[in-house]
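Step one of this worksheet: look at the structure below.
The structure displayed is predicted, hence computed values, not measured ones. Atoms within each ligand, like the ligands themselves, are counted from 1 in listed order.
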Amino acid sequence: MPKSLVRKGLDGFQPYVPGEQPPDGEGWVKLNTNESPLPPSPNVLEAIKAAADDSLRLYPSPSAAPARNAIARHFGVDPSHVLVGNGGDELIELCFRAFAGPGDEVAFPTPTYPLFEPLCRIHDAVASRHPTELAWELPPSLGADPAPLKFIVNPNSPTGALFDRPVVEAAVVASSGVVVIDEAYVDFAPQSSLPLLERHDNVLLLRTFSKSYSLAGMRIGFALGPTDLIESLNAVKDSYNVDRLAIVAAAAAIADEGHHTKVVDEVVTNRRELNAALESMNFEVVPSATNFVFAKPPKPAAEVVAGLRERKVLVRHYDREPIAGWIRITVGTRDQHEKLFVALKEILS
Ligand SMILES: Cc1ncc(COP(=O)(O)O)c(C=O)c1O
């Protein structure tokens, strides 16, 4: 589209830039986008194969009913407390559609998930940033902010830090608007904000199948919350936002708790090893409650990242304050870590 036809509000718009996705099969050690290093449940693959039939000519259930019911059963709630989306990202965008109009403030701590900034521009909302200090704790000013919509990514990205539940709850209590707690990484953390749903009617939790369920490629996530907030999201979503294969994949994934636990346990074990190895190479490491580790190398990060890339290892790199010089490394398999460590030792020697 000719630039002159794009609406004025998007002048100078900086889109969200996803991590590099090189073509499959090129042998990259891919530790840059927090995907699971382990495969999905075999039951999920079976369910997808079984669903790949003539019924694909029909639209899917508008409410993704089989997935919604399975998620509701898993959490012991009525399905009216669940909304299924095309990944956590779609659910974040639906929160803008439902709760923040043009000129409204949308508050979040920084640094955090970089999707909120471009969504503010797209929705003509105003970003209200609350910088965390280097201890990476939730700033008290967030609760006092009168914004009608707030996001707290917990555990946070890219830092991997977990905000304590009482601190998050204090921000919720102080807020008059909707507080969305994005728990994309919570399965790798020692605690979640789930109990807050019973005590507060202005909280939504967002979860994803992309990380601990090894299904980033299926694009499926869900929101949990009070029925009126869930209904507000439902009212503004696209009719058929989740496809038939994603619906059966989600239902099968959440029913296979054994596989899920295995994935989480292995990632947490590998995270410990990654953390220790980085510390032994003189990285500064933030204690992680996620499937990635945020660390500052003892050499300029750009140099380290370029050296890794030359050796076919991809990690995420930050060049803006206050996290300039830091990198984020997704927890991988033992084999991937071995390749990473060999590469790092060469680069740092
Ligand atoms: C904090 C956070 N929220 C949400 C998402 C989106 O997840 P999904 O793949 O479900 O869209 C991500 C993905 O990396 C994330 O880091």
With a 6.0 Å cut-off on the ring centroids, do Phe108 and Tyr113 count as close? no

Can we say Glu117 and Arg129 salt-bridge, meaning some charged N sits less than 4.0 Å from an Asp/Glu carboxylate O? yes

Pairs under 3.5 angstrom only: tabulate donor-acceptor contacts from the side chains of residues 170-178 to other protein residues two or more places apart or in another chain.
from, atom 1, to, atom 2, distance (Å)
Ser175, OG, Lys150, NZ, 2.8
Ser175, OG, Ala171, O, 2.6

Supply the members, apart from Leu314, of the Ile/Leu/Val/Met/Phe/Trp/Tyr cluster built from side-chain contacts under 4.5 Å; use none for a lone residue. Trp28

Partners passing side-chain hydrogen bond (donor to acceptor under 3.5 Å, both in side chains) against His74 (at least two apart in sequence or in another chain): none

What are the polar N/O contacts of ligand 1 with the protein below 3.5 Å, with distances?
from, atom 1, to, atom 2, distance (Å)
ligand 1, 3 (N), Asp182, OD1, 3.4
ligand 1, 3 (N), Asp182, OD2, 2.6
ligand 1, 9 (O), Ser210, OG, 2.6
ligand 1, 9 (O), Arg219, NH1, 2.8
ligand 1, 10 (O), Gly88, N, 2.6
ligand 1, 10 (O), Thr208, OG1, 2.5
ligand 1, 10 (O), Ser210, OG, 3.3
ligand 1, 11 (O), Gly88, N, 3.1
ligand 1, 11 (O), Asp89, N, 3.0
ligand 1, 11 (O), Arg219, NH2, 2.7
ligand 1, 14 (O), Tyr185, OH, 3.3
ligand 1, 14 (O), Lys211, NZ, 2.8
ligand 1, 16 (O), Tyr185, OH, 2.6

Is it the case that the ring center of Phe75 lies less than 6.0 angstrom away from the ring center of Phe222? yes

